[in-house]
K.L.:
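Would you mind keeping the following structure in view while I ask a few things?
Hydrogens, waters and symmetry mates are skipped; everything else that's a heavy atom, side chains included, is used.
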Amino acid sequence: MSADLSHYLGMLRRHWWVVIAVTAAGLAAAAGFTSTVPKVYESSTAVLVQPVDQDANATGGRTKATINLDTEAQLVGSGAVATRAQQLLRSPRSPIDLARDVSVEVPPNTTVLMVRFSADTPEGAQAGSHAFAEAYLRNREDTARSGLDEQIKSLTLKVRQLTSNLAGINARLARSAPNSSTRSNLESLRSNSQNQLNSLTGRLNELTTTTVAAGSIISDARVPDAPTSPNLTLNLATGGVAGLLLGLTLAFARERLDRRLRTATDVRDRARIPVLASLDERTTPHFDDVLQPYGPGGRVFNRLRNEVLASMSTGDQIIVVTGASRGSASTLVATNLAAALARAGNDVVLIGAHLPDSVVDAAPLARMLGVAPTPGLSDLLAGRVGLANAMQRTPRIPSLRVITTGGAATAAGLMQSQRLRDTLQSLRKQAAYVIIEAPSTSSSADAQSLASLADAAIIAVELRRSRRPALVDAVEQLRRVGTPLLGSVVLPRLAGLRTDTPRPAAVTLPTPAKPDTADTAIIDTSRTQPMSVPKPAATRSGSGPATPRQTRTEGVDDATAVIDMKTEAASDEK
């Protein structure tokens, strides 16, 4: 759980600008939406609805009484009420258009209608709410009065009919004989007609005196102080949350799609490779530095030395250091690891098998360790010099000998030669450990060839430059040749760690002044570094002294090398 939390926090730390930018965009979009959307004001009028038949039994619910308030709420937005409201407002808008802006709410257990009207101005909202409430009451009153008039008209007609019938009955009684059966029937019929007439007359008198009260406005509409829409606070909150979620989604997608390795945790978790050592900007050397043994970076390589020695089996001597990407990461790791091993009293040989990527990066081992750039490995494998002449003892670390890359024009195919195998076998007898600085696995197959001859391998990973597929491919290449992978050494991006002062190339290849001097190396004493190297009688294999050669093997035609060591001498003096 803590590892997952650390991973997500690391993702936010790497892509925080995406989250902030998208969240800010969401807030800006919400603010822009709020400023462009027309403002809407709303005002409401409370209308008390009364029964028109004077039966006020409307308690206990909205639909159980004689007044169905749900029906009344629908009547507020009807066409008849909207037409009356248009007339009251004297608005050019159609009744249907006005009805879209009105809404009705019925509070529970009441006979009250809350008539709300929305408009683009406060005054329009107030006028519209009052107009619809007034139009509803007038329409309800007119409807009730119209029904009452119909009842009065009907009763009046019946009263006239009964009065006419009663007059006819009275005329017939006046002509009938006393004590006759006809007279008795007519008197009974007159009595019934008189009773009906009295009943209808009483009902008519009641209807004609009835007062129609459809309801009343108990709380009139007011001018709203602020618009109800758009809601700036709500819109900003919605835009911010939406932007935050989208930013987190984009950050997660960017993290998943980003193949670059950004932290040591990425190397361990995403590439599944153990991390032996991890350096930061404070502990990482510059391009041509060897770390001091008691400095922060030197202590890191001292611990790396201890872990390497503990991981290797008895009889293992050769360690190849390759990189997951082009650059100087493998050079820095191999050189400082070899120096750490040599400082512990081991006889170490460092082999530079990493051809430079550019002329500016030529002879990096020569600059770092203060030795001559030629002759080197390419000259040795080409048969121009012997092993004893190719090895140079470093002036600052006597237990460390170096075989530089060399000055041959090409080294194609030499890394797969039998001469290299023989050289490594000879070095096993002469040194305790052999460190091979190999090119990156992504730029050359030489790393795999060299790893097949080694006892263990280390991969140098330059963060923000190495990519996970390249690192996985490097591990796969080593696995296929059966070389045990000890782990990785993680360094920050080295491009930003170089000094601001430009350093000249250590090796330049000018055009020879005289063609007849092609077989002689020209040494410019004003541009070379004086070296006081003790000259042993013989190496452990019985070969010649391991001092830089000033002349090349006779009969071999090659470009003349001018060695520029001013800058290196100045760095050594420091």
K.L.:
Identify, with sequence neighbours excluded, every residue that meets ring-ring contact (aromatic ring centres under 6.0 Å, His included) alongside Phe132.
P.N.:
Phe117
K.L.:
Does Ser199 reach the main-chain N or O of Gln196 with its side chain, forming a donor-acceptor pair under 3.5 Å?
P.N.:
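Side chain of Ser199 to backbone of Gln196: no pair is present.
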K.L.:
For Gln74 and Asp70, what are the C-alpha separation, side-chain angles and deciding distance, and is it a side-chain hydrogen bond (donor to acceptor under 3.5 Å, both in side chains)?
P.N.:
CA-CA 7 Å; Gln74 296 298 321; Asp70 289 331; over 6 Å; no
K.L.:
Determine the minimum heavy-atom distance between Pro224 and Pro122, stating which atoms define it.
P.N.:
CD-O, 3.4 Å
K.L.:
Determine whether the side chains of Asn198 and Gln194 contain a donor N or O and an acceptor N or O closer than 3.5 Å.
P.N.:
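Yes, side-chain donor-acceptor contact under 3.5 Å.
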K.L.:
Just verifying a value: how many Å separate Thr441 OG1 and Arg326 CZ, rounded to the nearest 0.5 Å?
P.N.:
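Between Thr441 OG1 and Arg326 CZ, I get 11.0 Å after rounding to 0.5 Å.
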K.L.:
Quick one: which of Leu471, Leu491, Val333, Val275 gives a side chain to side chain contact (heavy atoms under 4.5 Å, CB included) with Val461?
P.N.:
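Passing option: Leu471.
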K.L.:
Which heavy atom in Leu463 sits nearest to a heavy atom in Val267, and how many Å separate them?
P.N.:
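Minimum heavy-atom contact is CD2-CG2, 4.3 Å.
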K.L.:
May I ask you to decide if Arg493's main-chain N or O and Arg464's side chain share a donor-acceptor pair within less than 3.5 Å?
P.N.:
no
K.L.:
Is it the case that more than 12 heavy atoms not belonging to Leu157 sit under 6.0 Å from its CG atom?
P.N.:
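It does: Leu157 CG has more than 12 such atoms within range.
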K.L.:
Sorted by first residue and then second, give each ring-ring contact (aromatic ring centres under 6.0 Å, His included) pair with at least one member in residues 192-236; sequence neighbours left out.
P.N.:
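For residues 192-236, and leaving out neighbouring residues, there are no ring-ring contact (aromatic ring centres under 6.0 Å, His included) pairs at all.
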K.L.:
Might you point out which heavy atoms bring Leu88 and Ala131 nearest each other, and give the distance in Å?
P.N.:
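It is CD1-O, 3.6 Å.
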K.L.:
May I ask you to test the Ile459-Leu478 pair for a side-chain heavy-atom distance under 4.5 Å?
P.N.:
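Of all side-chain heavy-atom pairs linking Leu478 with Ile459, at least one is under 4.5 Å.
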K.L.:
Does any pair with a residue in residues 184-197 pass salt bridge (charged side-chain N to carboxylate O under 4.0 Å, His left out), and if so which ones, sequence neighbours excluded?
P.N.:
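Only Arg183-Glu187 qualify under salt bridge (charged side-chain N to carboxylate O under 4.0 Å, His left out).
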K.L.:
Using side chain to side chain contact (heavy atoms under 4.5 Å, CB included), reason through Val47 and Arg140 one step at a time and then give a plain yes or no.
P.N.:
CA-CA 12 Å; Val47 178; Arg140 193 166 187 269; over 6 Å; no
K.L.:
Between Arg138 and Glu141, is the closest basic N to carboxylate O distance under 4.0 Å?
P.N.:
no
K.L.:
Around atom CZ of Arg93, are there more than 12 heavy atoms from other residues, nucleotides or ligands closer than 6.0 Å?
P.N.:
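Yes, because the 6.0 Å sphere around CZ of Arg93 holds more than 12 heavy atoms from other groups.
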K.L.:
Return yes if a side-chain donor-acceptor contact under 3.5 Å exists between Ser193 and Asn165, otherwise no.
P.N.:
no
K.L.:
Minimum heavy-atom separation for Leu279 and Pro492, please, with both atom names.
P.N.:
O-CD, 3.1 Å
K.L.:
What are the two closest heavy atoms between Ala470 and Ala324, and how far apart are they?
P.N.:
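Nearest heavy atoms, Ala470 then Ala324: CB-O, 3.5 Å.
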K.L.:
Taking 4.0 angstrom as the limit, do Glu476 and Arg479 come out as a salt bridge?
P.N.:
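A salt bridge is present here (some side-chain N lies under 4.0 Å from a carboxylate O).
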K.L.:
For Leu89 and Ala127, work out which heavy atoms get closest and say how close.
P.N.:
CD2-O, 3.4 Å
K.L.:
Do Ser330 and Glu437 meet the criterion of a side-chain donor-acceptor pair at a distance under 3.5 Å?
P.N.:
no
